[in-house]
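Numbered from 1 within each chain, the chains take letters A, B, ... in sequence-line order. Values in this document were obtained by computation on a predicted structure and should not be read as measured data.
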2 protein chains.
Amino acid sequence: MYDVAREAGVSQTTVTHVLTGKRPVSAATKERVWDAITRLDFHPNEMARALRRQRSHSVALVLPNIVHALAPVFARHAGVRLREHGFQVTIHETDGDPETAASIVGALASWPVDGAIFSGFALGPDSAEALHRRQIPFVNCGVDDEEVRPWPVVRLDQGEGMRQVLEVLAERTAGAIAYVGGPAGAPGADIRRRAYEREMARLGRPVDERLIASVAYDWRAGRQAARSLLGTGLPFGAVACANDLIAIGVCAELRGRGIAIPDDVAVTGFDNIEPDAMVEPTLTSVETHMDRIAQEGVDLLLAAMGGQEDLAANVLVQPQLVRRASA
Amino acid sequence: MYDVAREAGVSQTTVTHVLTGKRPVSAATKERVWDAITRLDFHPNEMARALRRQRSHSVALVLPNIVHALAPVFARHAGVRLREHGFQVTIHETDGDPETAASIVGALASWPVDGAIFSGFALGPDSAEALHRRQIPFVNCGVDDEEVRPWPVVRLDQGEGMRQVLEVLAERTAGAIAYVGGPAGAPGADIRRRAYEREMARLGRPVDERLIASVAYDWRAGRQAARSLLGTGLPFGAVACANDLIAIGVCAELRGRGIAIPDDVAVTGFDNIEPDAMVEPTLTSVETHMDRIAQEGVDLLLAAMGGQEDLAANVLVQPQLVRRASA
DNA sequence: CTGTTAGCGCGTTCAC
DNA sequence: GTGAACGCGCTAACAG
């Protein structure tokens, strides 16, 4: 910039103001400065700028693992929206480990981002406090429980999703409705399971513990779960699954045994991932609207970075049943 | 840091050297400084550090779209490896638009990253030149053509993948082997199509233009392609697809018409995406080893950032056929 | 409308 | 072993 100023025969101050427009500059000078800028191929150093202005125009996106089914979708929507507002996005993965998450929060103190979005896991209270202490605005998206927290949270109304699922399944069958949940303690597992029990009660359907399985969130585990459900010898007319991968596994196993879906047994998933439309039969699932969650999260963050203090908003995004062939 | 120095009763210089260890500091002083650091919860400002040292310890990851099938896998592996080496990762999406890509390269001049990884598209020569001029080391991963470029490139040996595919299909059937490619000009479409023709020739199989389709890289397009292949009335015993989504669509359509896979028609995909193991029949495909591509790319970049000049390496990663039920 | 000065938070001389 | 002073590249405060 020093060179630009010299080349244009003005002070650095003037160059700055040509760049930022924060002060009127005569057309002639402006012209000469722009000329020098293009001639020297000058680009302002954002790092120095950030240091001086105490704003880096960058936000950290912290999530368990970018490979998880919905993570890229979230990252995409959040990223686009943030970039629209002139923010750069840095990405951090916790690997689902709270300790790693905490250390990332610690590192955030060194890399002065203007804000942070935590997605796909619940922030620990100590981390939240640390961020607060360092005045780093943040939001916590995709939290998989119902706890109310004293910081901004955007979550999906999982109970409502389960309600819609069970409504459809109850229509489909008068028989028992089994449930295959995620592993206890895993994100979303507990809340979805409780929602299942609650909604079953509301529908006046009995819950039989023997028809409830808890397995890993993947496809093989789904097959396995179907086997053990069938192994009980108990009849059932539907299976609600906590996750699409599980549901696809369940379908595969059932079909392998000659059980017709949805006529003999109806099956539902949850999350509405891409393969749902490609498997046979296509899978009825629940759209979790990652786009809206990301949008709400970013909007909240932008507001917080804009100076609005202490808004501990609790946004609840409504899911939507996507009805396909399996139920 | 000023505060830490005062609290410990030393100069800022000493604090720096306690932090960086670039100069011996007496145990007693070190003790007092660490004490002050923890007491004041001090974290060095990486931004200021970067400005001073002219190294930001961050690299830019530029890709078309994080939602694309293999992008998150690449981002994951590259990210982990870069973080292991103390680098932060910023993410940028081109949306497949060369202009956007060029503007990102321009922005990189302002945001002084230590290096950049471009993945999933071929960098333009002008962008490469701009990076060179600004002394920003970079690598270009996942380039989908065979052109030799004067900058570091890591690519998959797509011809070899197609060779493996056709070898299997040729074993399966003595009949015609149809091909469903991606849209002309799309990433990987041309190279895979040419590889198909070349390998067919090597196998002594005739190529019938009427049994070649070019469609979008998605599932619906695959169904459509299968319909038009069947519509020709020409018999064929196998279909090689340029992409798994297309292949899954082809399978769906064939099965819908009562055609047995692989007995009547064998089908193969390409990329080995997750759903391959979940569809019926499971899809034979080609593993593209994004982990290895990412690793090679990062290693190349680390070497370049380490000061090794002008290494215009051309790494070729070998794909591997994953044999499943569809062929 | 423009320039001079000071300083963002550090690391690196060069001195002791 | 330690400290004082300067500067990385830029912007804000204070002049005129």
Side-chain angles (χ1 to χ4, degrees), chain A residues 1-37 40-58 86 88 106-114 134-136, chain B residues 1-37 40-58 86 88 106-114 134-136:
Chain A
M1 180 158 123
Y2 173 80
D3 296 321
V4 173
R6 209 167 36 100
E7 182 85 4
V10 295
S11 72
Q12 294 196 32
T13 311
T14 304
V15 176
T16 289
H17 288 111
V18 169
L19 256 4
T20 63
K22 287 197 176 170
R23 186 162 103 168
V25 178
S26 82
T29 327
K30 213 180 286 185
E31 174 83 21
R32 295 214 319 284
V33 171
W34 275 119
D35 212 58
I37 285 176
L40 297 177
D41 190 30
F42 166 81
H43 292 257
N45 183 324
E46 292 294 337
M47 205 123 246
R49 221 174 227 195
L51 182 59
R52 183 64 239 244
R53 304 212 262 225
Q54 305 288 39
R55 296 213 101 204
S56 60
H57 287 286
S58 71
Q88 180 141 206
L108 252 37
S110 277
W111 255 115
V113 292
D114 292 346
R134 306 193 203 299
Q135 314 249 45
I136 301 175
Chain B
M1 179 158 123
Y2 173 79
D3 297 321
V4 174
R6 211 167 34 97
E7 183 84 3
V10 295
S11 72
Q12 295 196 31
T13 312
T14 302
V15 176
T16 291
H17 289 109
V18 168
L19 256 3
T20 63
K22 288 199 175 170
R23 188 163 101 169
V25 177
S26 81
T29 329
K30 214 181 282 184
E31 175 83 22
R32 296 215 319 285
V33 171
W34 274 120
D35 211 59
I37 286 175
L40 297 177
D41 190 32
F42 168 81
H43 292 255
N45 183 322
E46 292 295 337
M47 207 123 245
R49 217 171 230 199
L51 183 59
R52 181 66 237 244
R53 305 214 260 226
Q54 305 289 38
R55 294 213 103 204
S56 59
H57 287 284
S58 71
Q88 179 141 207
L108 251 38
S110 276
W111 205 284
V113 292
D114 292 345
R134 305 193 206 301
Q135 315 250 46
I136 301 176

Separation of atom [atom1] in [X] from atom [atom2] in [N], rounded to whole Å:
X	N	atom1	atom2	result
E46(B)	dG11(C)	CD	C1'	12 Å
R53(B)	dT13(C)	CZ	P	13 Å
H43(B)	dC10(C)	NE2	P	11 Å
Q54(B)	dT13(C)	CD	P	13 Å
Q12(B)	dG7(C)	CD	P	13 Å
M47(A)	dG9(C)	CE	P	15 Å

Using every non-hydrogen atom in the two residues, find where S56(A) and A50(A) come nearest and quote the distance to one decimal.
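Looking at all heavy atoms of both residues, the closest pair is CA-CB, 3.7 Å.
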Going from [atom1] on [X] to [atom2] on [Y], what distance comes out if it is rounded to the nearest 0.5 angstrom?
X	Y	atom1	atom2	value
Q54(A)	R49(A)	CD	CZ	15.0 Å
R134(A)	D41(B)	CZ	CG	4.0 Å
M47(B)	R52(A)	CE	CZ	15.0 Å
T16(A)	M1(A)	OG1	CE	3.0 Å

With sequence neighbours left out, what residues match S11(A) under side chain to side chain donor-acceptor pair (under 3.5 Å)?
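For S11(A) the side chain to side chain donor-acceptor pair (under 3.5 Å) partners, ignoring immediate neighbours, are T14(A).
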Have a look at [X] and say if it touches a base, only the backbone sugar-phosphate, or nothing, with a 4.0 Å heavy-atom cut-off.
X	value
H17(B)	base
M1(A)	base
T14(B)	sugar-phosphate
R49(A)	sugar-phosphate

Flag the pair [X] / [Y] as yes when at least one side-chain heavy-atom distance between them is below 4.5 Å, and no otherwise.
X	Y	answer
V10(B)	V18(B)	no
L19(A)	I37(A)	yes
D3(B)	F42(B)	no

With a 4.0 Å heavy-atom cut-off, tell me which residues in residues 23-34 of chain B come close to DNA chain D, sorted by residue number.
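Close to the strand are R23(B), P24(B), V25(B), S26(B), T29(B).
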Which nucleotide span of DNA chain D, 5' end to 3' end, has atoms closer than 4.0 Å to non-hydrogen atoms of chain A?
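Terminal contacting nucleotides, 5' to 3': dG9(D) to dC14(D).
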Could you say whether V10(B) or L51(B) is positioned toward the 5' end of DNA chain D, judged by the nucleotide with the nearest heavy atom to each?
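Residue closer to the 5' terminus by nearest nucleotide: V10(B).
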Think K22(B) has a side-chain N or O under 4.0 angstrom from the OP1 or OP2 of dG11(C)?
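No, outside the criterion.
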